[in-house]
Every structure is written in C-alpha cells, then in structure tokens.
Amino acid sequence: MDHTAHHRTDQSAQHAGHGGTSWAMAAKATVHCLTGCAIGEILGMVIGTALMWGNVATMALAITLAFLFGYSFTLFAVLRAGLDFRSALKVALAADTVSIAVMELVDNGIIALTPGAMDAHLSDGLFWSALLGGFAVAFVVTTPVNKWMIGRGKGHAVVHAHH
C-alpha cells in the first residue's frame with residue numbers, strides 16, 4: 001500500500017470508534033510507543049545490571065532511555081517528513097510524552113511490585129517475566145489513553161498531520 005492509500009485508510013479508521021478514533025489506530029500508536037520504550041528500558045536494565053548499579057539508579061537509567069528511544073522514533077519519522085529539528089522535537093514531545101509516561105509508570109510499577117523482580121539478575125526468568133509482563137499490561141492500559149488523546153487531536157494525532 002502506498003503512503004497516500006495508507007493515510008486514507010488511517011483517516012477513515014479514525015472515524016470508526018468513539019471520539020473519532022479506531023482501536024486499531026490507538027493500538028498502532030501504542031505499539032510504536034512500546035517499541036521505543038522497550039528498547040530503552042531493556043538497554044537501561046542491561047547496562048545498570050552489568051555495571052552492578054543499585055535498583056534506583058538502574059531504573060532511572062532505564063526510564064530515561066525509554067523516553068529517549070520513544071521520542072527518537074517519532075523525531076526521526078517527522079524529520080524524514082521534512083520538518084526542521086525544532087519543529088520535529090515539538091511534535092515528538094507532544095505526540096509521545098503522555099503515552100510514554102503512562103507506559104513507564106505501569107511497567108515499572110509492575111516490576112517494583114513483583115516480589116523478587118528488582119533483585120533478579122539478567123539470567124533469571126523472573127527478571128524477564130516481570131519486565132515482559134509489565135510491557136503487556138502497560139500496552140493494555142496505554143491503548144485507551146492513546147485512543148482518547150488521538151480522538152481529541154492530541155498525542156499521536158499530531159504526528160499524522162505531518163505524514
């Protein structure tokens with residue numbers, strides 16, 4: 001499907017659900033956000049664990065990298081669409097801040113509340129099950145948030161104006 005046909009499909013899908021946004025569009029925005037968050041968070045956990053940092057420092061690094069990678073995916077996409085860096089940065093911040101924040105709050109909350117997960121090592125199944133389980137729950141919680149925001153012209157809807 002070419003870009004124009006893809007854009008028309010996205011526009012018609014926006015009108016399919018409550019608030020003018022389909023669940024499919026909200027899920028797509030959430031997957032986009034989750035991809036950047038997961039890369040940053042896993043990288044942060046691996047680095048912090050490998051350097052034998054404490055839990056707080058490791059989690060802070062993981063959250064920082066989750067935001068950095070989450071924003072960068074959107075930033076590079078809108079730069080390719082022709083925006084200058086300052087405008088692209090504004091779009092990325094507007095599009096992803098709430099989504100990433102909700103995702104990180106839920107995911108890290110689950111990790112923190114899973115007994116033993118904060119002290120698990122990279123080679124432990126508990127580490128990976130808590131992390132991946134947290135991502136799954138964060139996806140389920142963040143998708144309705146993205147649907148609500150896109151339906152009001154906020155969040156990932158800001159990116160679609162630049163496609």
Side-chain angles (χ1 to χ4, degrees), residues 1 6-7 9-49 55-56 58-78 91-163:
M1 176 183 311
H6 170 75
H7 192 63
T9 302
D10 279 353
Q11 285 177 333
S12 62
Q14 285 179 348
H15 302 291
H18 176 71
T21 304
S22 72
W23 283 104
M25 177 177 276
K28 182 178 176 183
T30 306
V31 166
H32 179 266
C33 177
L34 178 63
T35 303
C37 288
I39 291 169
E41 191 161 330
I42 290 170
L43 184 60
M45 293 285 190
V46 169
I47 291 169
T49 301
N55 291 337
V56 173
T58 298
M59 194 170 273
L61 176 62
I63 292 168
T64 299
L65 291 177
F67 272 91
L68 182 69
F69 276 87
Y71 287 139
S72 69
F73 279 23
T74 299
L75 181 65
F76 293 134
V78 293
V91 168
L93 293 173
D96 293 334
T97 299
V98 172
S99 183
I100 295 171
V102 170
M103 193 160 293
E104 287 303 300
L105 181 67
V106 172
D107 177 50
N108 286 288
I110 288 172
I111 293 169
L113 294 173
T114 300
M118 292 297 294
D119 296 319
H121 296 280
L122 295 175
S123 60
D124 294 336
L126 178 60
F127 172 85
W128 293 103
S129 63
L131 185 63
L132 298 176
F135 288 147
V137 174
F139 176 83
V140 170
V141 172
T142 307
T143 299
V145 172
N146 282 332
K147 184 178 187 309
W148 181 82
M149 290 180 59
I150 294 167
R152 281 148 188 79
K154 308 244 185 259
H156 223 55
V158 177
V159 175
H160 286 283
H162 300 285
H163 278 202

If I take atom CD from residue E41 and atom CG from residue L65, how far apart are they, to the nearest 0.5 angstrom? 9.5 Å

Quick one: pull up CE in M59 and CG in N108 and give me the separation to the nearest 0.5 Å. 4.5 Å

For the residue pair M103 and V145, establish whether any side-chain heavy-atom pair is separated by less than 4.5 Å. no

Whether Y71 and F67 hold their rings parallel, tilted or perpendicular, with breakpoints at 30° and 60°: tilted

Could you check I47 against T58 for side-chain contact (heavy atoms from CB on, under 4.5 Å), going step by step and ending with a plain yes or no? CA-CA 8 Å; I47 291 169; T58 298; over 6 Å; no

Pairwise distance CD1(I110) to OG(S129) - rounded to 0.5 angstrom: 11.5 Å

A side-chain contact here means heavy atoms from C-beta on lying under 4.5 Å apart; do N55 and D119 qualify? yes

Any residue meeting side chain to side chain contact (heavy atoms under 4.5 Å, CB included) with A38, in chain and number order, not counting sequence neighbours: F135

I need the I100 CD1 to F69 CZ distance, nearest 0.5 Å. 12.0 Å

Could you pull out the closest heavy-atom pair between P115 and L126, with the gap in Å? O-CD2, 3.5 Å

For A95 and T74, which heavy atoms make the closest approach, and how far apart are they? CB-CG2, 4.3 Å

Heavy-atom closest contact (C37 atom, E104 atom, distance): CB-OE2, 3.7 Å

Do F73 and D96 come within less than 4.5 Å of each other through their side chains, counting heavy atoms only? no

Donor-acceptor contact present, side-chain D124 to main-chain H121, <3.5 Å: yes

Hey, does V91 have a side-chain heavy atom less than 4.5 Å from the side chain of L75? no

If every non-hydrogen atom of S99 is compared with every non-hydrogen atom of T142, which pair is closest and at what distance? OG-CG2, 3.5 Å

In this structure, CG of L61 is separated from CG of L68 (nearest 0.5 Å) by 10.0 Å

Side chains of H32 and K28: does their closest heavy-atom pair fall under 4.5 Å? no

Can you find a heavy atom in the side chain of F139 that is under 4.5 Å from one in the side chain of C33? no

Over all heavy atoms of both residues, which pair between L122 and M45 is shortest? Give the atoms and the distance, please. CD2-O, 4.4 Å

Nearest heavy atoms of T143 and A26, plus distance in Å: O-CB, 3.6 Å

